[in-house]
Amino acid sequence: MLDKLKTIEQRYQEVEARLSDSATYNDPALAAKLNKEQRELAPLMEAYRAYSKAQNAMAEAQELFSDPELGEMAHEEFNQAKAVLPELEERLKILLLPRDPNDGKNVIVEIRAGVGGEEAALFAGDLYRMYSMYAEGKHWSVEVDSLSETELGGIKEICFTIQGEGAYSRLKFESGVHRVQRVPETESGGRVHTSTATVAVLPEMEDVDVRIDPADVEMQVFRSSGAGGQHINKTSSAVRLIHKPTGMVVECQQERSQFQNREKAMRLLASRLYEQEREKVEGAYAADRKSQVGSGMRNERVRTYNFPQGRLTDHRIGLTLYKLDAVMNGDLEEIIDGLVTADQAARLEKETQ
């Protein structure tokens, strides 16, 4: 491990040196690439330098053990430095785990109403609001790509993009079936109903990331539906793309121009094709996968929102919280931290097997 850390430290120093070179800023693309690499390596370097500092402190203190005046103080300093080493070693092991290459990407989130009729559609709308408020708290931007609403204000289906540093790394475990237990507004008898909505989280891919033959894509244009004024009524700006080899269909209708909608639709198509291929590869061993976080497939029940008890339960990691109102207002950090920690623990176990 230490040899690997020393090699990474050399690379980090090289990146720092290149960033301080004025010539680098004549090449904006290179500067952006180096800045990103520096940000990614910084937590690892911080932990490694703290680890090295503790080891050096132990060595220096050990040399003074026999000193009649400083020996007692040296033993205290030695024990203090030694006490922090296990935690730093564990942190370094986690930071050295292979990084998901998509962690730094923006995300495309798709929410669909499931079982439960109008109540499921209202819950889908609540989930969209929850993720939007979480994104707002992280200073990320949210752009709706397509939206299908019900007459009562619920959401049949919504697709939106969240743009922000590390968005995929934080939201990638949200995929799956989300279940709600509450008394619907339309229920006169006060009975608790159970409804569901499905969430899919995809890393935003460009069509250059996933090879798409233009000949394989059929484009259709149509008039956007929903609110939008005269522009939406008169202009066929909405775009539907059909990927002929797979039959996959994507739509985008929120932008004002056909070109912008097509560009967004192509990114969505690339992301869905990437996810489809990833699920094929992972499906071979998903059944006996040991990760507590689960496979993240759309048919896997991941979480229950119980409104009468104000309780949220994430079934993958056995986490129960009694602060449902805060969660629905975007307070997801504790849940996401738990999912990330469980994933790291599972990957560490796999690395040591």
Side-chain angles (χ1 to χ4, degrees), residues 28-29 32 102 104-113 121 124-125 127-129 131-132 135-136 139-165 167-168 171 174-175 197-279 298:
N102 296 319
K105 290 185 180 294
N106 300 326
V107 293
I108 294 172
V109 183
E110 299 173 334
I111 302 175
R112 293 182 176 87
L127 290 178
Y128 167 65
R129 177 180 177 274
Y131 290 125
S132 296
E136 182 181 344
H139 304 291
W140 295 341
S141 66
V142 178
E143 294 182 5
V144 175
D145 301 317
S146 62
L147 171 64
S148 176
E149 298 177 283
T150 65
E151 291 182 0
L152 297 180
I155 291 178
K156 294 179 184 177
E157 180 178 333
I158 187 170
C159 176
F160 56 99
T161 302
I162 297 179
Q163 297 178 324
E165 184 74 28
Y168 183 72
L171 292 171
E174 292 300 301
S175 292
T198 60
V199 176
V201 179
L202 317 175
E204 185 186 38
M205 295 287 175
E206 302 288 344
D207 53 355
V208 294
D209 296 325
V210 178
R211 291 182 178 273
I212 300 176
D213 187 341
D216 290 339
V217 180
E218 177 187 340
M219 185 175 88
Q220 299 175 352
V221 296
F222 58 100
R223 291 183 181 180
S224 299
S225 59
Q230 293 181 346
H231 167 80
I232 281 185
N233 294 327
K234 293 183 178 180
T235 310
S236 295
S237 60
V239 169
R240 179 184 297 115
L241 298 182
I242 303 170
H243 188 247
K244 290 182 280 190
T246 62
M248 191 174 291
V249 179
V250 299
E251 293 181 359
C252 187
Q253 57 178 322
Q254 299 304 114
E255 299 297 332
R256 294 181 64 84
S257 79
Q258 188 182 113
F259 173 80
Q260 289 174 312
N261 280 323
R262 183 187 183 282
E263 188 177 30
K264 275 195 171 185
M266 282 298 290
R267 288 202 300 270
L268 176 56
L269 177 61
S271 298
R272 285 190 183 172
L273 289 172
Y274 170 85
E275 187 70 4
Q276 183 183 70
E277 189 60 32
R278 186 189 69 83
E279 288 185 1
R298 300 183 197 189

Test item: [X] side-chain N/O and [Y] main-chain N/O as donor-acceptor pair under 3.5 Å:
X	Y	result
S271	P203	yes
N106	A167	no
S175	V201	yes

**Q.** Within 6.0 Å of CD in E218, more than 12 heavy atoms from elsewhere
**A.** yes
Atom of [X], atom of [Y] and distance for their closest heavy-atom approach:
X	Y	answer
L241	R262	CD1-O, 4.3 Å
V142	F160	CG1-CD1, 3.9 Å
K105	E204	CD-O, 3.5 Å

Going from [atom1] on [X] to [atom2] on [Y], what distance comes out if it is rounded to the nearest 0.5 angstrom?
X	Y	atom1	atom2	result
L273	L269	CG	CG	4.5 Å
L268	M266	CG	CE	10.5 Å
E110	E157	CD	CD	7.0 Å
D216	R211	CG	CZ	13.5 Å
L147	I111	CG	CD1	10.5 Å

Q. For Q253 and S146, what are the C-alpha separation, side-chain angles and deciding distance, and is it a side chain to side chain donor-acceptor pair (under 3.5 Å)?
A. CA-CA 6 Å; Q253 57 178 322; S146 62; 5.7 Å; no
**Q.** side-chain contact (heavy atoms from CB on, under 4.5 Å) between M205 and N102, intermediate numbers included
**A.** CA-CA 9 Å; M205 295 287 175; N102 296 319; 3.1 Å; yes
Name every donor-acceptor pair, under 3.5 Å, that has one atom in a side chain of residues 243-252 and the other anywhere in the protein, sequence neighbours excluded.
unit_1 : atom_1 : unit_2 : atom_2 : d
H243   : ND1    : T246   : OG1    : 2.8
K244   : NZ     : A215   : O      : 3.1
T246   : OG1    : M248   : N      : 3.3
E251   : OE2    : R240   : NE     : 2.8
E251   : OE2    : R240   : NH2    : 3.1

Q. When you look at E275 and R272, which way does the salt bridge (charged side-chain N to carboxylate O under 4.0 Å, His left out) test go after all the steps?
A. CA-CA 5 Å; E275 187 70 4; R272 285 190 183 172; over 6 Å; no
Can you confirm whether [X] sits close enough to [Y] that some side-chain heavy atom of one is under 4.5 Å from a side-chain heavy atom of the other?
X	Y	value
I162	V109	yes
S148	I155	no
Y128	V144	yes

Side-chain H-bond candidate by donor/acceptor type, [X] with [Y], under 3.5 Å:
X	Y	value
Q258	S237	no
E174	Y131	yes
T161	D145	yes

